[in-house]
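Here is the structure we will look at, set down as structure tokens.
This one's a predicted model, so the numbers in the text were calculated from it and none came from an experiment. Computed from heavy atoms alone, side chains included, the values below leave out hydrogens, waters and symmetry copies.
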Amino acid sequence: EKLALIKPEPVEIRTSNPSNEAMLRYQDIVKQRIESARHYPSWARKQNIEGETSIKFTILSDGVVEEINLIRSSGFQILDKETIATIQRANPFPPIPKEINLSSIQMEIFLIFTLKFDK
């Protein structure tokens, strides 16, 4: 039995802003939203397609995402499209907290699609 695994930890986020507590908390919220929105396309699972993608997007002050750009392709269009769809499903995010004091935040995330085989 094939078990599709989108590894739980690798939504890795990079922001262009200095780390402060409010920013780290907000990143965690964004990360959790993305985690709950992601899934492994069943066709990719059946074809044993695995890959890693990198995507950049901007979150506006009200939490709405704009400008989703694929930075690094997995080499498979199905996984690249799923990465973009994951962000669209997670959109909108909660508004950017006042104490962060930014009108928008640019984030870069990495999604890893891995299949694990059960014996």
Side-chain angles (χ1 to χ4, degrees):
E1 170 65 86
K2 260 182 294 190
L3 189 72
L5 218 130
I6 303 181
K7 290 183 184 169
E9 80 271 277
V11 167
E12 186 187 312
I13 294 183
R14 288 187 191 155
T15 61
S16 49
N17 315 98
S19 298
N20 61 39
E21 217 175 304
M23 179 61 88
L24 292 174
R25 275 199 310 271
Y26 188 69
Q27 285 177 8
D28 271 352
I29 292 165
V30 168
K31 202 172 173 170
Q32 285 163 8
R33 279 296 268 281
I34 293 168
E35 287 295 351
S36 61
R38 62 199 296 216
H39 67 260
Y40 215 113
S42 57
W43 187 83
R45 189 182 339 184
K46 288 186 190 106
Q47 302 296 315
N48 295 327
I49 292 173
E50 298 183 317
E52 191 173 320
T53 59
S54 172
I55 197 168
K56 194 179 268 183
F57 57 95
T58 303
I59 300 177
L60 303 178
S61 59
D62 59 0
V64 172
V65 171
E66 69 165 17
E67 288 186 66
I68 303 173
N69 295 306
L70 192 70
I71 306 287
R72 193 174 76 206
S73 170
S74 63
F76 297 100
Q77 199 176 16
I78 190 167
L79 297 184
D80 296 349
K81 282 184 172 169
E82 178 54 36
T83 300
I84 291 168
T86 298
I87 303 304
Q88 289 167 338
R89 282 193 300 271
N91 182 32
F93 292 98
I96 297 172
K98 298 264 185 283
E99 65 266 32
I100 292 177
N101 201 22
L102 290 168
S103 57
S104 68
I105 300 173
Q106 193 172 64
M107 295 202 175
E108 186 178 340
I109 65 159
F110 300 88
L111 291 186
I112 299 171
F113 295 86
T114 317
L115 293 166
K116 191 174 97 186
F117 292 92
D118 287 349
K119 302 202 170 32

Practice problem: Go through Gln88 and Ile68 one step at a time and tell me if the side-chain contact (heavy atoms from CB on, under 4.5 Å) criterion holds. | Solution: CA-CA 9 Å; Gln88 289 167 338; Ile68 303 173; 3.8 Å; yes

Exercise. Output, in order, the C-alpha distance, side-chain angles, deciding distance and verdict of side-chain contact (heavy atoms from CB on, under 4.5 Å) for Leu115 and Tyr40.
Key: CA-CA 9 Å; Leu115 293 166; Tyr40 215 113; 3.5 Å; yes

A side-chain contact here means heavy atoms from C-beta on lying under 4.5 Å apart; do [X] and [Y] qualify?
X: His39; Y: Glu82; result: yes
X: Met107; Y: Lys56; result: no
X: Ile109; Y: Ser54; result: no
X: Ile59; Y: Val64; result: no
X: Ile96; Y: Tyr26; result: yes
X: Ile55; Y: Leu111; result: no
X: Met23; Y: Leu102; result: yes

Once you round to the nearest 0.5 Å, how far does [atom1] of [X] lie from [atom2] of [Y]?
X: Thr58; Y: Glu67; atom1: OG1; atom2: CD; value: 4.5 Å
X: Ile29; Y: Lys31; atom1: CD1; atom2: NZ; value: 13.0 Å
X: Ser104; Y: Glu66; atom1: OG; atom2: CD; value: 7.0 Å

Closest approach of [X] to [Y] (non-hydrogen atoms, all atoms of both residues):
X: Ile71; Y: Glu108; value: CG2-OE2, 4.3 Å
X: Ala44; Y: Leu79; value: CB-CD2, 4.0 Å
X: Asp80; Y: Ser73; value: OD2-OG, 2.5 Å

Quiz item: Counting only heavy atoms not in Gln77, do more than 12 fall under 6.0 Å of its CD?
Solution: no

Exercise. Only counting residues at least two apart or in another chain, list the ones meeting salt bridge (Lys or Arg N to Asp or Glu O under 4.0 Å) with Arg25.
Key: Glu21, Glu99

Exercise. Give the intermediate values and the outcome of side-chain contact (heavy atoms from CB on, under 4.5 Å) for residues Arg89 and Thr86.
Key: CA-CA 5 Å; Arg89 282 193 300 271; Thr86 298; 3.4 Å; yes

Quiz item: Is Asn91 reaching over with its side chain to a backbone N or O of Val65, donor-acceptor style, under 3.5 angstrom?
Solution: yes

Quiz item: Do Arg33 side-chain atoms and Pro92 backbone N/O form a donor-acceptor pair below 3.5 Å?
Solution: yes

Exercise. Give me the ring orientation class for Phe93 and Phe57: parallel if the planes are under 30° apart, tilted from 30 to 60°, perpendicular past 60°.
Key: parallel

Quiz item: Are side-chain N/O atoms of Gln32 and Ser36 paired as donor and acceptor at under 3.5 Å?
Solution: no

Exercise. Report whether Ile105 and Leu60 are members of the same hydrophobic cluster (ILVMFWY, side-chain heavy atoms less than 4.5 Å apart, transitive linking).
Key: no

Quiz item: Ile49 and Phe113: same hydrophobic cluster, using ILVMFWY side-chain contacts below 4.5 Å?
Solution: yes

Self-check item: Residue pair Phe110, Thr53: steps toward the side-chain contact (heavy atoms from CB on, under 4.5 Å) verdict
Solution: CA-CA 6 Å; Phe110 300 88; Thr53 59; over 6 Å; no

